[in-house]
Amino acid sequence: MKRSTRKARSFRRGQASRSLRHANRPRRDFRTKQIMTIRTRFAPSPTGYLHIGGVRTALFNWLLTRRHQGTYVLRIEDTDTERNKPEALQPILDGFRWLGIPWDEGPEVDGPYAPYFQSQRFATYKEAAMRMLASGHAYTDYLTKDQLDSERKAAEVAKKPYIHRGPHRATPADECVRLYAANPTALRLKVPEGRSVVIDDVIRGRVEVQTDTIGDPVILRPDGRPLYNFAAVIDDVAMKITHVIRAAEHLSNTPVQVLVYEALGLPMPTFAHVPVVNEPNSKKKLSKRDMKKFVTADVRAKLRMVGYTDEQIESRDDLNPATVAFYRELGYLPTAIVNYLARLGWSLDDKAEKISMADLIANFSLERVSSAPASFDPDKLYWLAGEYMKELPLEEKVAGCVPFLQRAGLLGASPTPAEIEKLTKIVTAAGDRLKLFSDILTYGRPFLVAKIDYDPKGVEKRLKKAGAADHLRAFAEVLKTAEPFDVPTLDKSLHEYCAAKAIKSGELVHPVRVATTGVEVGVGLFDALAILGRDTVLARIEDALRLA
RNA sequence: GGCCCUGUCGUCUAGAGGCCUAGGACACGGCCCUUUCAAGGCCGCGACACGGGUUCGAAUCCCGUCAGGGUCACCA
């Protein structure tokens with residue numbers, strides 16, 4: 001078993017290098033049975049938020065179709081009507097649009113294989129299930145939930161694996177059809193005995209599973225709603241999906257699906273199971289459940305800074321670092337998120353980290369997707385966010401900051417040209433310090449409030465220091481006549497003052513910074529003074545002297 | 001527990017029998033620059049899970065062990 005897997009893997013890698021070498025002729029060289037256009041799909045269930053791991057899977061699907069001029073489908077798997085809420089779809093759609101991962105077919109855009117909601121396709125599943133019932137590939141099962149549970153428990157007590165086989169397995173097909181017509185019930189797939197199912201996975205190689213280890217799964221509920229393993233197959237075929245690219249957690253479902261393809265005599269797609277995304281510094285899957293545990297004190301502080309109350313953080317389940325919404329709320333650039341996610345478990349070569357969307361599209365291949373799980377690294381995402389922010393045009397940076405300032409009450413609903421001009425100066429002065437749009441709240445605050453708060457630590461360290469007050473008073477006199485009140489002049493004035501008094505520039509720079517901005521950390525001092533303007537600077541120094 | 005998957009620096013990865021004294025990136029530490037913080041420059045720390053084979057030669061191929069993970073629903 002292990003042997004065949006490893007062989008398949010090295011075989012796969014051999015293929016990868018070949019297709020890399022002939023990257024200019026992908027269509028011809030692409031190693032699949034399909035010659036026709038590639039069609040992939042991402043099939044979320046409406047949960048109310050976009051999970052970071054799901055986005056990566058979707059991205060891989062999307063990237064493959066962009067590279068090969070294929071079609072990317074978004075299909076909504078909402079068959080579990082008890083759990084899914086219709087309004088829970090919008091955040092997912094919004095999220096993908098914001099990230100720049102549009103879908104060619106699916107909700108709101110439709111397409112030739114509509115509808116793209118499984119809840120609207122029940123007739124199709126029913127029809128297919130009836131065919132399986134008639135051909136003897138499925139059978140009726142009247143066992144109740146309680147009976148099933150006790151079977152399961154009995155197997156557990158006996159320490160035997162629970163492999164369900166219903167009482168009607170051996171019932172002739174026409175009898176099952178009659179039974180169902182008279183009394184509709186759950187339908188199960190009749191898993192063949194004593195053979196194996198082989199999955200030829202692009203990422204994992206050859207995977208072989210014995211059918212005797214697979215219980216007969218329900219494919220249709222008594223009320224006609226299909227189960228995932230069944231509906232997915234029917235839809236993938238109906239929507240002509242050529243490549244099923246999904247999370248590795250679905251690998252163990254695949255044998256069941258393969259049996260459904262076989263039972264219905266349907267063509268099989270190429271499978272690619274991408275490894276799961278793990279929690280930061282962990283070997284555990286970044287789970288959809290208990291995401292609340294990622295809301296650490298640090299995370300909470302950031303959310304509060306951008307304007308969320310504790311109640312909101314508590315009640316909304318998308319405000320945590322496992323969702324896309326979280327990064328959007330904090331002002332991460334979507335391009336950085338896409339780049340980061342693409343590199344998580346996939347690589348272009350031995351060097352590339354920052355890869356543009358165009359390069360991603362030009363070079364993405366399933367062959368270079370790692371087969372081992374990858375841990376999500378918030379630090380690296382943060383770094384990339386900064387890298388992308390550096391190259392964002394100034395006007396776009398300013399525009400990105402505006403909503404954050406408005407929410408914090410530092411800017412009105414419709415900013416005046418003068419306000420935008422000032423903000424542009426602040427953003428310019430902030431330079432590379434601005435990595436996230438929300439960083440403007442830190443760097444911009446001293447310039448946007450009428451009255452600053454003085455950081456007690458800064459006051460203690462810089463203003464109460466011996467000599468600081470005297471220098472501050474004397475330098476304020478210099479500032480009164482500095483003309484023009486701009487960066488070069490201020491720079492020159494301060495250094496001349498320090499030279500004249502024979503003090504190091506730091507002895508004056510630090511007190512002036514704390515006096516005029518209230519804090520020890522911020523944009524360059526002369527930039528700060530110039531933005532504030534002479535009157536404000538003098539007034540704040542005067543205020544500060546009362547604390548010194 | 002059964003089945004399946006996976007093991008290269010803390011993390012993401014390069015690596016396809018000799019280009020490996022194992023490369024890059026994030027993080028971390030130090031120094032430089034400097035007006036604080038960023039940014040930038042330089043330097044450093046740091047990994048082939050283990051044990052057997054095969055081979056002149058193994059991170060790479062084979063076997064085993066160990067470890068981690070995924071999954072075992074009338075969820076998806």
Side-chain angles (χ1 to χ4, degrees), chain A residues 1-3 5-7 10 13-14 16-17 43-45 47 77-80 82-84 141 143 145 148 152 156 159-164 185-188 201 204 207-210 213-215 217-223 225 227-229 231-232 247-255 273 275-276 278 280-285 288 340 343-347 349-354 370-384 386 390 430-435 439 442-443 458 462 491 494 504-506 508-510 512-514 517 519-526:
Chain A
M1 177 63 242
K2 209 152 198 173
R3 171 199 289 234
T5 303
R6 293 208 170 158
K7 262 191 182 151
S10 54
R13 292 201 163 154
S17 72
S45 52
T47 50
E77 309 219 325
D78 54 354
T79 59
D80 189 355
E82 286 136 40
R83 289 175 197 221
N84 297 146
D141 195 341
L143 262 29
K145 192 123 177 94
L148 256 17
R152 214 186 323 271
E156 212 169 290
K159 293 208 166 162
K160 278 192 180 154
Y162 175 60
I163 314 285
H164 181 78
T185 184
L187 257 30
R188 284 186 192 272
D201 191 284
R204 332 202 77 89
V207 178
E208 191 175 350
V209 179
Q210 300 305 314
T213 64
I214 306 170
V218 170
I219 57 173
L220 210 64
R221 295 178 173 100
D223 61 8
R225 285 145 58 217
L227 276 299
Y228 167 75
N229 276 134
E249 62 209 72
H250 288 288
L251 187 57
S252 32
N253 287 322
T254 310
H273 286 92
V276 297
N278 286 337
N281 289 304
S282 156
K283 300 287 185 199
K284 277 206 167 47
K285 185 175 100 172
K288 290 187 182 183
Y340 175 73
R343 269 292 281 110
L344 189 64
W346 174 84
S347 63
D349 54 30
D350 59 337
K351 295 253 160 44
E353 295 293 345
K354 185 159 171 271
S370 163
S371 50
S375 309
F376 181 72
D377 182 358
D379 286 335
K380 191 157 180 177
L381 171 56
Y382 180 69
W383 167 74
L384 261 179
K390 274 185 202 171
D432 293 344
R433 294 173 186 84
L434 196 81
K435 296 179 175 198
D439 287 335
T442 304
Y443 294 109
R462 304 299 188 190
D491 193 328
L494 183 136
K504 283 193 286 190
S505 55
L508 182 56
V509 165
H510 297 304
V512 174
R513 180 193 303 284
V514 172
T517 67
V519 288
E520 288 189 273
V521 174
V523 306
L525 178 65
F526 306 116

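Note on naming: letters A, B, ... go to the chains in the order of the sequence lines (proteins, then strands), and numbering restarts at 1 for each one. These figures come from a predicted structure and were not determined experimentally.
Between the C1' atom of B:U13 and the CG atom of A:Leu384 lies a distance of 13 Å, rounded to the nearest Å. In this structure, CG of A:Asp350 is placed 18 Å from P of B:U8, rounded to the nearest angstrom. Straight-line distance from the CG atom of A:Leu220 to the C1' atom of B:C75: 16 Å, rounded to whole Å. Atom-to-atom, OH of A:Tyr162 to P of B:A73 comes out at 8 Å; the value is rounded to the nearest Å. Computed from coordinates, the A:Leu227 CG to B:C72 C1' distance equals 15 Å when rounded to whole Å. Rounded to an integer number of Å, the gap from A:Lys159 NZ to B:G1 C1' is 8 Å. The nearest whole Å value for the distance from the CG atom in A:Asn229 to the C1' atom in B:A73 is 10 Å. Taking atom CG of residue A:Asp201 and atom P of nucleotide B:C4, one finds them 15 Å apart after rounding to whole Å.
Taking the centre of each ring, A:Tyr340 and A:Tyr382 stay at or above the 6.0 Å mark.
The heavy-atom pair separating A:Asn278 from A:Pro373 by the smallest distance is ND2-CB, 3.5 Å. For the residue pair A:Lys284 and A:Ser282, the shortest heavy atom distance occurs at N-OG, 2.7 Å.
Taking the P atom of each, B:A59 and B:G52 are spaced 14 Å apart, rounded to whole Å. On the C1' atoms, B:C62 is 27 Å away from B:G2, given to the nearest whole Å. Between the P atoms of B:G69 and B:G64, the separation comes to 23 Å (whole Å). Annotation: B:U6 and B:C19 have their P atoms spaced 27 Å apart (nearest Å). For the P atoms, the distance linking B:C74 with B:A27 amounts to 47 Å, nearest Å. Taking atom P in both B:C12 and B:C48, the straight-line distance is 16 Å, to the nearest Å. Remark: the separation of the C1' atoms in B:C43 and B:C37 is 23 Å, to the nearest Å. Remark: the separation of the P atoms in B:C66 and B:A22 is 31 Å, to the nearest Å.
Atom CD of A:Gln210 sits in a crowded spot, with more than 12 heavy atoms from other residues, nucleotides or ligands closer than 6.0 Å.
At least one side-chain heavy atom of A:Leu148 sits less than 4.5 Å from a side-chain heavy atom of A:Tyr162. Between A:Leu143 and A:His164 there is a side-chain heavy-atom pair separated by less than 4.5 Å. Between A:Leu494 and A:Ser505 there is a side-chain heavy-atom pair separated by less than 4.5 Å. Annotation: side chain of A:His250 is in contact with side chain of A:His273 (closest heavy-atom distance under 4.5 Å). With a 4.5 Å cut-off on side-chain heavy atoms, A:Asn229 and A:Pro217 do not count as touching.
For B:U60, there is no paired nucleotide, since no Watson-Crick or G-U wobble pair has both relevant distances below 3.5 Å. Under the Watson-Crick or G-U wobble criterion, with both distances below 3.5 Å, B:C9 is left unpaired in every strand shown. Across all strands shown, B:A39 remains unpaired; no Watson-Crick or G-U wobble contact has both distances below 3.5 Å. Taking a pair to require two hydrogen-bonding distances under 3.5 Å in either a Watson-Crick or a G-U wobble arrangement, B:C19 remains unpaired. B:G44: Watson-Crick or G-U partner is B:C28, with both key distances under 3.5 Å. Partner assigned to B:U71 is B:G2, using Watson-Crick or G-U wobble distances below 3.5 angstrom. Of the nucleotides present, none pairs with B:A14 by Watson-Crick or G-U wobble criteria with both distances under 3.5 Å.
Nucleic acid contact class of A:Gly345 (heavy atoms, under 4.0 Å, all strands): sugar-phosphate only. Among the atoms of the strands shown, base atoms are found under 4.0 Å from some heavy atom of A:Pro222. Nucleic acid contact for A:Leu143: base, since at least one base atom lies under 4.0 Å from a heavy atom of the residue.
Residue whose closest nucleotide on RNA chain B sits further toward the 5' end, between A:Asp349 and A:Arg152: A:Asp349. The 5' end of RNA chain B is approached more closely, in terms of each residue's nearest nucleotide, by A:Ala352 than by the other of A:Ala352 and A:Asp141.
Put simply, CZ on A:Arg513 and CZ on A:Arg462 are 9.0 Å apart, with the number rounded to the nearest 0.5 Å. Distance OG1/A:Thr185 to CG/A:Leu220: 10.0 Å, rounded to 0.5 Å.
Looking at the side chain of A:Arg221, the nearest of the listed nucleotides B:C74, B:C4, B:A14 is B:C74. The nucleotide whose nearest atom lies closest to any side-chain atom of A:Ala372 is, among B:C12, B:G7, B:A76, B:G7. Of the candidate nucleotides B:A76, B:G10, B:C5, B:A76 has the atom nearest to the side chain of A:Ser45.
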For this session: Would you check, one step at a time, whether the test salt bridge (Lys or Arg N to Asp or Glu O under 4.0 Å) holds for A:Asp223 with A:Arg225?
Result: CA-CA 6 Å; A:Asp223 61 8; A:Arg225 285 145 58 217; 2.7 Å; yes
For this session: Could you encode protein contacts along nucleotides 25-42 of chain B as a string, one character per nucleotide from 5' to 3', using B for base contact, S for sugar-phosphate-only contact and - for no contact, with a heavy-atom cut-off of under 4.0 Å?
Result: BBS-------BBBSSS--
Kindly give the atom pairs (protein nitrogen or oxygen, nucleotide nitrogen or oxygen) under 3.5 Å for nucleotides 68-71 of chain B.
unit_1	atom_1	unit_2	atom_2	d
B:G69	OP1	A:Lys284	NZ	2.8
B:G70	OP1	A:Lys285	N	3.4
B:U71	OP1	A:Lys285	NZ	2.9
B:U71	O4'	A:Ser252	OG	3.4
B:U71	O2'	A:Ser252	OG	3.4

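Put simply, A:Ser375 has a side-chain N or O that comes within less than 4.0 Å of OP1 or OP2 on B:C12. Between A:Arg188 and B:C74, a side-chain N or O to OP1/OP2 separation shorter than 4.0 Å is present. In this model, the phosphate group of B:C74 is not approached by any side-chain N or O of A:Arg225 to a distance below 4.0 Å at OP1 or OP2.
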